Amino acid sequence: MGYFEVQGLCKSFGGLKAVDNLTFSVEEKEIFAIIGPNGAGKSTLFNCINGLYKPERGSIKFRGKELIGMRSDQIANYGIARTFQNIELFSHMTTLDNIMLGRHKAMKSSVFSVMGLSFKKSKAAKEELVHRRKVEEIIDFLELESYRMQYVANLPYGKQKLVELGRALALEPDILLLDEPAAGLTQEEKDEMIFWIRDIRKLLGITVIFIEHNMQMVKKISDRILAINFGKKLTEGLPAEVLDHPEVIRAYLGEVVD
Ligand code: ADP
Ligand code: MG
């Protein structure tokens, strides 16, 4: 049994096969990149993994458990967190509150279970404290202290991306899905993002599956790469093999890759 396994996955929109019989697997603590031209089906694949879309066929197994059929929040609580291609944060809320929201699911369930068992209120308060502490740890980890009480709308784009990353980390996931983490970042911010992703694996032990157009970043941090086009696998393997693969080069011809 593999750690994370996708098998024969299919997702269509009308007549369009956005994900077409895709099979691949990811090892625990791997940094695994998914590349492919625009419209290749990368985001659709993520939407299938985290339960936003229901695939017509195939299976997605994490630690042997089938994820297809589970709700998005159940998948999140089972250990898979994600960020989006376009940042999805509450811009009128602070950094702290946005990251706290990532904690929401865990918080709700634990507080409810505590109340359900009619423990003392102080126990729920203690739980709340644990969540706050965890959120502060993440703020420390991502060096966001100076942005803690600022509205997300007022932060530079690169910091907003970090807040989104922080919110995903607040779930304490085993697998992190990042949809184009370097998109829209300056060169300096891209270098920083590389550093964060490496640390997330090394210090937090999280498996990272990321979609990225920036080949420099893909080359620098991935252990393995899956290349797709028209929803199908082109090739899979080590960065040097995949990035020099003629089919991959052909698929990218005419695309602007930064
Ligand atoms: P990528 O992330 O690789 O750029 P997407 O997964 O976003 O590609 O899209 C793959 C294909 O599926 C595209 O042709 C896109 O237009 C189509 N698609 C994605 N989501 C939807 C949707 N919700 N409804 C209809 N078509 C969609
Ligand atoms: Mg996409």
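What you see below is based on every heavy atom in this structure, not just the backbone, and it leaves out hydrogens, waters and symmetry mates. Here the structure is a predicted model, which is why all the values come from computation and not from measurement. Atoms within a ligand are numbered from 1 in the order they appear, just like the ligands themselves. Start at 1 with the first residue, then count along the sequence.
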Is the distance from the Mg ion (ligand 2) to some N, O or S atom of Thr44 under 2.8 Å?
no

Asn38 backbone or side-chain N/O/S under 2.8 Å from the Mg ion (ligand 2)
no

Distance only, no hydrogens: is a donor on one side chain within 3.5 Å (strictly under) of an acceptor on the other, for Glu30 and Thr207?
no

How about Asn77 and Arg71: does a side-chain donor come under 3.5 Å of a side-chain acceptor?
no

Among all the protein's heavy atoms, is there at least one whose distance to atom 16 (O) of ligand 1 comes out below 4.0 Å?
no

For [atom], what is the closest protein heavy atom, and at what distance to 0.1 Å?
| atom | result |
| --- | --- |
| atom 23 (N) of ligand 1 | Tyr53 OH, 3.0 Å |
| atom 14 (O) of ligand 1 | Leu16 CD2, 3.3 Å |
| atom 5 (P) of ligand 1 | Thr44 OG1, 3.6 Å |
| atom 19 (C) of ligand 1 | Phe13 CE1, 3.5 Å |

Thinking salt bridges, do Asp20 and Lys233 make one under a 4.0 Å N-O criterion?
no

Looking at Phe230, does the NZ or CZ of Lys17 lie under 6.0 angstrom from its six-membered ring centre and within 45 degrees of the ring axis?
no

Six-ring centre of Phe84, Arg82 cation under 6.0 angstrom, axis tolerance 45°
yes

Residue selection (non-hydrogen contact nearest atom 13 (C) of ligand 1) among Gly41, Gly39, Ser43:
Gly39

Per-atom contacts of ligand 1 with Asn38, taking only distances under 4.0 Å to non-hydrogen atoms:
4 (O)

Within the 4.0 Å heavy-atom shell around Ala40, which atoms of ligand 1 are there?
1 (P), 3 (O), 8 (O)

Ile175-Val6 co-clustered via ILVMFWY side chain contacts under 4.5 Å:
yes

So, do Phe210 and Phe32 have ring centers that fall under 6.0 Å from each other?
no

Please determine if Gln85 has a nitrogen or oxygen closer than 3.5 Å to a nitrogen or oxygen of ligand 1.
no

Quickly, which of Glu136, Arg167, Met93, His131 forms a side-chain contact (heavy atoms from CB on, under 4.5 Å) with Met100? Name it, please.
His131

